[in-house]
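Just the heavy atoms: all of them, side chains too, but no hydrogens, waters or symmetry mates, feed the values below. Just so we're on the same page: letters track the sequence lines, and every chain starts at 1.
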Number of protein chains: 2
Amino acid sequence: MSSPKKTMPSAAPPAVSMADLARELGVSMTTISRALSNHHSIGAATKQRVLKLAKKLNYQPNHLAAALRKGQSRLLGVVVPYIEGKFFPSVIQGIEQAASKAGFSVIVCQSHEDVQLERRNVETLLNAQVAGVLVSLARNTQEFHHFDKVRQRGVPLVFFDRIPPTEQVNSVVLNDREGAFQATRHLLEQGCRRVAHLAGPQHLNIYRHRRQGYLDALAAYSIVPDEDLIITSDMTTEDGAGATRQLLALPEPIDGIFAAGDSAILGALQVLKAQSIRVPQEVALAGFSNEGFTAITEPQLTSVDQRCEEMGQAAVRLFLELAAAPDAPFVQRQVVLQPELFVRESSRQGAPLS
Amino acid sequence: MSSPKKTMPSAAPPAVSMADLARELGVSMTTISRALSNHHSIGAATKQRVLKLAKKLNYQPNHLAAALRKGQSRLLGVVVPYIEGKFFPSVIQGIEQAASKAGFSVIVCQSHEDVQLERRNVETLLNAQVAGVLVSLARNTQEFHHFDKVRQRGVPLVFFDRIPPTEQVNSVVLNDREGAFQATRHLLEQGCRRVAHLAGPQHLNIYRHRRQGYLDALAAYSIVPDEDLIITSDMTTEDGAGATRQLLALPEPIDGIFAAGDSAILGALQVLKAQSIRVPQEVALAGFSNEGFTAITEPQLTSVDQRCEEMGQAAVRLFLELAAAPDAPFVQRQVVLQPELFVRESSRQGAPLS
DNA sequence: TTGTAGGCGTTATCAG
DNA sequence: CTGATAACGCCTACAA
């Protein structure tokens with residue numbers, strides 16, 4: 001049992017620092033720092049010596065110290081409501097790809113659809129001195145002061161998908177209205193005339209826009225919207241099932257449903273099948289998000305794809321632009337991605353009976 | 001336009017520090033520090049004054065500095081192969097829950113099934129001075145030196161689900177062998193006598209154990225394993241489909257398939273249905289992971305549940321134990337969770353025809 | 001091209 | 001109970 005050099009609180013093993021390298025080589029820390037960071041004013045020979053020793057002693061830079069010193073790290077913070085399903089993992093995938101290309105690491109936090117957690121996540125990230133924050137809002141976020149701190153600290157802030165309603169912000173969104181329009185129009189083209197809409201919480205931009213796109217399509221076909229056919233919920237599978245039962249109880253039958261989310265349209269499908277109502281012959285279905293399971297159900301579900309990876313990449317690009325010009329005055333920037341409708345059996349007339 | 005106090009490289013806004021509080025109140029930084037960290041030797045009155053001013057000036061502690069000083073942060077690093085599907089998000093959910101209860105924040109990295117990225121992730125986490133590292137291995141990780149560094153630095157290291165084969169490590173795993181045994185035995189109980197196995201990469205503990213559990217069950221029924229019935233692949237849906245076609249081409253027909261993953265069993269189901277082979281009457285199916293889609297397919301898929309949340313919580317508990325006794329000599333610890341078989345239509349004889 | 005010295009914000013040690 | 005002081009590891013004027 002050898003006693004440690006100094007009184008260490010925990011058995012912290014000898015993490016080798018720049019000072020160690022300097023002592024070993026008999027040069028100053030400045031030289032070490034320069035060699036390691038590839039500074040221009042450094043002798044090629046010295047540099048090699050330093051790099052070699054660093055490798056030999058397994059030197060690991062302490063980014064923490066560097067971040068403290070510079071007030072900036074190479075960390076990018078991401079806050080999403082949750083990571084189940086396909087959408088957010090895919091967006092994160094896009095973010096990691098683009099970030100890594102630019103030399104940033106990504107740390108992901110979930111708000112679990114809770115503002116309070118979202119607030120804590122933002123603070124955690126700020127205290128970790130992240131170089132930027134990318135956020136998709138929690139469902140119940142109606143108040144946005146926790147983001148003021150981010151801007152006050154001069155940390156670039158980019159929202160994606162679920163963005164604040166009124167604030168002047170930088171954001172990347174899907175053209176949800178267009179996506180909903182395409183899906184609904186597609187149902188109408190297939191011959192549907194009484195198309196219902198399963199809508200999501202209307203304080204969220206995405207669901208508001210999807211509802212609007214639905215209305216646009218009806219208008220394009222000169223159909224007067226029927227309030228009874230629009231049911232707003234949290235868009236779970238159960239919500240979708242319940243809403244569908246409600247719709248089926250209406251005196252005048254429906255012949256199509258466009259849901260603002262795939263879980264809800266799945267619930268609808270399950271209820272219709274349980275009641276032996278044929279899809280798409282009697283009721284055609286279209287959802288939103290192009291979740292993985294849309295290709296598994298029978299019939300497969302028509303859905304709007306959200307360009308997840310592109311969204312993540314665009315968010316990072318936006319961040320990089322902002323980071324490149326820290327003192328530039330604020331100008332609102334918004335990237336709008338175009339959705340793509342994936343037509344599958346649930347809406348295609350003439351689809352084979354299961 | 002007011003000029004900044006000092007020459008700042010970027011427009012870093014005035015982050016209020018402990019020094020500011022000290023100056024404002026005319027006390028020392030020590031006092032501030034103590035008041036903020038609830039140290040025992042501090043006057044109640046002074047403490048209140050400090051806390052009040054801190055709130056007023058919106059003081060935000062710089063955890064970075066604290067971590068640098070203490071060599072320890074309240075951050076917990078997690079490395080997983082990917083976050084699609086149900087398993088890893090659920091485990092992460094369990095981790096976040098348990099960690100947050102203990103006052104830790106969680107940062108998640110994906111290795112994307114790539115050792116090199118895994119290595120980089122580990123370094124990123126170490127350099128962020130995380131208090132602990134929780135890892136589930138990438139598929140192609142066969143070499144483990146990057147984890148030595150973690151231990152060398154005295155940072156608690158816990159593996160979960162996918163763990164190194166030989167190393168002396170702390171880990172949380174499912175009893176995969178038992179789960180596979182239950183699933184296969186269940187198929188045999190339903191009357192199957194030629195049960196095939198879709199196996200995963202055998203250098204991963206989980207797939208090796210699942211294969212063994214399959215063999216155990218056969219042995220329990222005195223069935224001699226047939227190598228032709230065991231097909232090893234990467235377990236994607238396509239792999240499962242291909243393997244199933246291969247199995248159907250055998251001279252002697254099979255009557256059951258146990259797959260070590262749900263994607264593969266999904267592929268099997270799709271091929272069987274395409275060939276109008278009835279499930280479960282002609283071929284019964286069972287998978288592993290209890291993915292969300294197992295309850296969506298027709299018939300619904302029997303699968304082994306992995307206790308995801310519990311796994312995450314157990315991993316954190318293990319970490320906390322290790323962190324509580326930093327100088328304790330290494331003793332290998334392993335938590336083994338019991339799986340649960342979810343029996344659904346794909347294996348239940350007497351299930352209604354679709 | 002290299003070295004010196006000061007500080008980023010916090011905590012720990014020691015002395016009052 | 002409080003205060004001065006020295007670190008933690010790194011970066012960067014400024015001087016040599």
- Message: Can you see whether B:E118 engages B:H112 through a side-chain donor-acceptor pair at a distance of less than 3.5 angstrom?
- Response: no

- Whole-Å distance separating the CG atom of B:L64 from the P atom of C:dG7: 20 Å

- Task: Take atom NE2 of B:H39 and atom P of C:dC14, then tell me their distance rounded to the nearest Å.
- Result: 14 Å

- Query: Tell me: CD1 of B:I32 to P of C:dA12, nearest whole Å?
  - Reply: 16 Å

- Picking from D:dG3, D:dC1, C:dT10, which would you name as closest to the side chain of B:P61? C:dT10

- Item | Side chain of B:R69 - closest among D:dA6, D:dG9, D:dT2 | D:dA6

- Item | Residues A:E24, A:K56: salt bridge by 4.0 Å N-O rule | no

- Query: Between B:L68 and B:T46, which has a closest nucleotide on DNA chain D that is more 5'?
  - Reply: B:T46

- Query: So what does B:S37 hit on the nucleic acid, given a heavy-atom distance under 4.0 Å: a base, only sugar-phosphate, or nothing?
  - Reply: nothing

- Base, sugar-phosphate, or nothing for B:M18, non-hydrogen atoms under 4.0 angstrom? base

- Query: Any salt bridge between B:K101 and B:E96, counting N to O under 4.0 Å?
  - Reply: no

- Query: Nearest of D:dG9, D:dG3, C:dG3 to any side-chain atom of A:T30?
  - Reply: C:dG3

- Cationic N near anionic O, under 4.0 Å, A:D148 to A:R151: no

- Reckon A:I42 touches a base, only the sugar-phosphate, or nothing at all at heavy-atom distances under 4.0 Å? sugar-phosphate

- Using heavy atoms to find the nearest nucleotide of DNA chain C for A:M29 and A:H40 separately, return the residue whose nucleotide is more 5′. A:H40

- Message: Does D:dT2 have its OP1 or OP2 closer than 4.0 Å to a side-chain nitrogen or oxygen of B:T31?
- Response: no

- Query: With a 4.0 Å cut-off on heavy atoms, is A:S33 in touch with a base, just the backbone sugar-phosphate, or nothing at all?
  - Reply: base

- Task: State whether A:E310 and A:R317 are salt-bridged, where the test is any N-O pair (Lys NZ or Arg NE/NH1/NH2 against Asp/Glu carboxylate O) under 4.0 Å.
- Result: no

- Query: Given D:dG9, D:dG3, D:dC11, which nucleotide is nearest the side-chain atoms of B:R34?
  - Reply: D:dG3

- Task: Look at the side-chain N and O atoms of B:S28 and state whether any lies under 4.0 Å from the OP1 or OP2 oxygen of D:dG3.
- Result: yes

